[in-house]
Number of protein chains: 2
Amino acid sequence: MTTRATELLRVIHARPGVTRADAARLIGVGTGATTELVGRLGHAELLAETPAAPSGSRGRPTTALIPHPRGPLIAATSITHEQWRVDVVELGGAALATVREDLGDRTGDEVVAAVGAAVSRLRTEYGDRIRGIGIAVPGTVSRDLMLDASNLNWRNVDLAAIWPKAGIFVAGNDATLAASAESHRGAAVGASVALHLRVEAGLGGAVVDGGRVLVGALGAAGEFGHMPFGDPTVECPCGAYGCWGTAVDGSALARLLGHHQPRDPISYARRIIASTDPAPAAATATAATALGRGIAGLVNGLDPDLVTLGGLGTDLLAAAPAHIDQAYRAGLMGFRRENPPPILPSTLGDDGPLAGAAEEAWTALLTTLV
Amino acid sequence: MTTRATELLRVIHARPGVTRADAARLIGVGTGATTELVGRLGHAELLAETPAAPSGSRGRPTTALIPHPRGPLIAATSITHEQWRVDVVELGGAALATVREDLGDRTGDEVVAAVGAAVSRLRTEYGDRIRGIGIAVPGTVSRDLMLDASNLNWRNVDLAAIWPKAGIFVAGNDATLAASAESHRGAAVGASVALHLRVEAGLGGAVVDGGRVLVGALGAAGEFGHMPFGDPTVECPCGAYGCWGTAVDGSALARLLGHHQPRDPISYARRIIASTDPAPAAATATAATALGRGIAGLVNGLDPDLVTLGGLGTDLLAAAPAHIDQAYRAGLMGFRRENPPPILPSTLGDDGPLAGAAEEAWTALLTTLV
DNA sequence: CTTCTTAAGCTCGGATGTAGAGCATATTCT
DNA sequence: AGAATATGCTCTACATCCGAGCTTAAGAAG
């Protein structure tokens with residue numbers, strides 16, 4: 001439902017600390033209805049008011065709307081190839097607590113158990129204020145919450161164990177969720193259509209259209225790394241040939257440099273991209289060109305306002321901007337070349353997936369609060 | 001706004017002739033509110049009731065809800081490479097009148113003038129009942145309603161002249177609008193995410209997500225023909241290299257067969273695809289393979305429920321289904337191969353763009369009627 | 001043909017949410 | 001201090017919707 005109450009909470013979430021008067025204008029209600037709304041939501045412990053910063057101009061001062069100190073919370077979780085992390089996030093996106101730990105060489109089920117234990121501890125601390133959980137994982141999540149993460153060699157890891165209770169449960173691919181975060185809190189704020197791409201082991205991302213992440217029919221959209229922009233003779237671990245991901249990630253750099261496939265392709269790639277020696281720089285340039293050419297294809301097809309790059313994409317953009325840009329412009333349709341959508345580094349960096357998990361869980365929770 | 005009244009009109013539009021009782025159940029209101037709603041909307045000349053077909057089962061018979069005989073109308077317009085056409089479309093999608101004419105060798109401005117004159121005549125006939133217009137064109141429409149159609153050699157044709165009055169004005173690419181039609185009235189009804197591709201001179205299409213067409217930031221989304229799935233040595237008229245469109249349309253067939261680029265690439269391609277001689281059949285198979293491979297890439301990235309093919313895509317699917325299917329499956333990510341999204345022929349055929357123009361204009365109009 | 005069963009429509013009272021007018025309040029400007 | 005300005009509160013009017021109870025129109029059963 002989209003009641004005025006939900007709209008108001010959404011405004012506070014998007015802009016915590018918004019003044020009461022601005023919020024009322026944004027959702028288009030008069031002062032009478034605002035009094036009723038703010039009173040009701042305050043009484044329900046969903047929002048609170050503080051005296052607000054003085055505006056400096058004339059007129060009766062208004063108050064700032066902030067999350068209620070006993071209001072609902074979301075447990076935002078991310079699992080990366082190195083560590084897991086759980087943040088307790090209030091309305092507006094601020095974190096009240098953080099727990100994190102390196103994965104070590106735990107199995108998937110052990111990591112899920114550790115995360116579940118951390119969530120349980122947080123639930124004893126915050127009680128029923130924690131209304132749901134959002135989880136970002138480096139792999140694919142099926143509808144029945146089984147996780148496959150080929151990069152970690154995890155198969156059929158059951159995420160449901162993390163959150164046995166009723167409430168909000170959102171789980172998704174890290175790149176997809178990072179796209180959400182980037183569009184709500186990062187470099188793509190204000191874009192009507194934003195494309196986020198994240199290079200790690202492989203390449204993923206998502207389109208965010210009007211604030212909504214396009215997740216596809218099975219929740220598996222955004223696997224742009226498996227579009228055939230690459231070399232048709234290179235086989236991808238997915239079984240297809242010519243996947244774009246195989247042309248831009250750490251495996252591509254290793255292939256170009258004649259190295260073995262690295263154990264940790266992300267740290268490997270960071271090292272290569274940071275190197276200024278000629279051979280690594282040439283490999284980096286080749287990957288950057290492949291990245292730019294593919295971005296052009298996606299921009300032609302999807303018509304975003306802008307493109308944001310996360311993960312190793314940020315490194316490639318910093319290391320070889322000219323190669324990306326040249327291939328990008330060359331691949332664009334003629335009419336776009338004059339004013340192409342900018343390619344920007346992610347501003348949330350490695351926090352993107354966690355922030356996105358918080359965003360999507362909060363979005364889901366807000367539709368259930370009245 | 002999404003009031004109950006708008007919801008009811010949307011239900012009638014999606015399923016004209018729906019029974020009053022079913023419609024009430026669909027929007028979730030009780031019999032009391034239904035009486036009030038139907039009475040109000042009938043009084044406003046937005047809907048009417050007819051005695052409805054007998055259900056055969058017990059109980060008081062209900063009525064069928066249909067568009068009001070003096071209700072609002074939309075002028076749906078399509079311009080193709082051969083002719084223009086204007087339909088007058090009522091709520092529910094039925095056409096009350098049709099005007100059409102071959103283009104001959106008129107210029108773009110002359111065609112727009114002819115369409116404008118036809119619309120004016122229809123407006124004298126139907127009066128203010130015609131509340132807006134939807135226009136499907138074989139090219140790109142900028143925000144200020146200037147049309148570029150490279151296939152027709154039209155540049156900067158001003159569409160605003162067709163509809164000088166206030167009201168709904170929706171203009172879009174024919175492939176994009178055909179996608180909308182296919183998802184509302186065609187082969188993709190019921191799909192949560194549908195991908196429609198239309199091969200004519202080049203290749204375009206659109207993703208429809210939950211009934212909403214993804215039009216992109218500039219309204220130029222869906223130019224999938226300019227994704228670099230093709231041969232990187234082939235230059236596209238758009239200026240880029242390796243565009244997918246150049247691998248599947250009439251120009252691709254002519255190149256494969258060593259023919260000159262045909263004047264009318266669509267009729268030419270229809271002829272080649274229909275031929276059973278070995279050389280044309282081989283060229284058709286090559287194009288079908290390129291089509292299937294690209295579809296796989298898009299399915300990997302966009303995760304639709306199903307894919308519909310219009311224009312020459314329908315012909316290719318009929319002529320070389322095995323080639324499309326083999327390349328499609330080979331290009332899919334492993335986990336999709338077991339149960340791939342089906343590739344279906346468009347059911348609206350050449351009427352798709354016109355039907356989509358009607359759909360999008362009606363969608364826009366329905367949000368303004370209360 | 002009459003009565004029963006079923007599905008649907010109508011009427012009315014109560015609850016909810018909102019808009020708008022008029023008044024009250026808190027600040028800055030002159 | 002008084003004017004100007006912006007905001008908040010109270011109260012009335014109105015629209016919408018839900019649910020209960022009654023009415024209506026068909027098929028089924030006898």
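Chain letters run A, B, ... following the sequence lines, proteins first and then strands; every chain starts at 1.
Bounding nucleotides for the chain A contact on DNA chain D, 5' to 3', at a heavy-atom distance below 4.0 Å, are dA4(D) to dT10(D).
The closest side-chain donor-acceptor pair between E90(B) and H68(B), if any, does not fall under 3.5 angstrom. A side-chain donor-acceptor contact under 3.5 Å links S180(A) and E360(A). Checked by atom type, the side-chain pair E182(A)/S346(A) shows a donor-acceptor distance below 3.5 Å.
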Summarise how protein sits on nucleotides 24-30 of chain C as a single string, 5' to 3': B when a protein heavy atom is under 4.0 Å from the base, S for sugar-phosphate-only contact, - for no contact.
BBBBBS-
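Judged as a side chain to side chain contact (heavy atoms under 4.5 Å, CB included), and not counting sequence neighbours, the contacts of A64(B) are T50(B), A52(B). Scanning for side chain to side chain contact (heavy atoms under 4.5 Å, CB included) contacts around A33(A) gives V29(A), with sequence neighbours left out.
Between R40(B) and E36(B) a salt bridge is recorded (basic side-chain N to carboxylate O distance below 4.0 Å). Between D209(B) and R212(B) there is no salt bridge, since no side-chain nitrogen of the basic residue lies less than 4.0 Å from a carboxylate oxygen of the acidic one. Residues R10(B) and E7(B) are not paired through a salt bridge, judged by the lack of any N-O separation under 4.0 Å between the basic side chain and the carboxylate.
The side-chain heavy atoms of R25(A) and V11(A), taken from C-beta on, include no pair separated by under 4.5 Å. Using a 4.5 Å heavy-atom threshold, the side chains of L46(A) and L9(A) count as touching. Between R123(A) and R129(A) there is no side-chain heavy-atom pair separated by less than 4.5 Å.
A heavy atom closer than 4.0 Å to some atom of DNA chain D occurs in E36(B), R40(B), these being the qualifying members of residues 34-46 of chain B. A heavy-atom distance below 4.0 Å to DNA chain C is reached by these residues of residues 23-33 of chain B, ordered by number: R25(B), T31(B), G32(B).
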Under the side chain to side chain contact (heavy atoms under 4.5 Å, CB included) criterion, do I133(A) and I168(A) qualify, and how do the steps go?
CA-CA 6 Å; I133(A) 191 166; I168(A) 302 298; over 6 Å; no
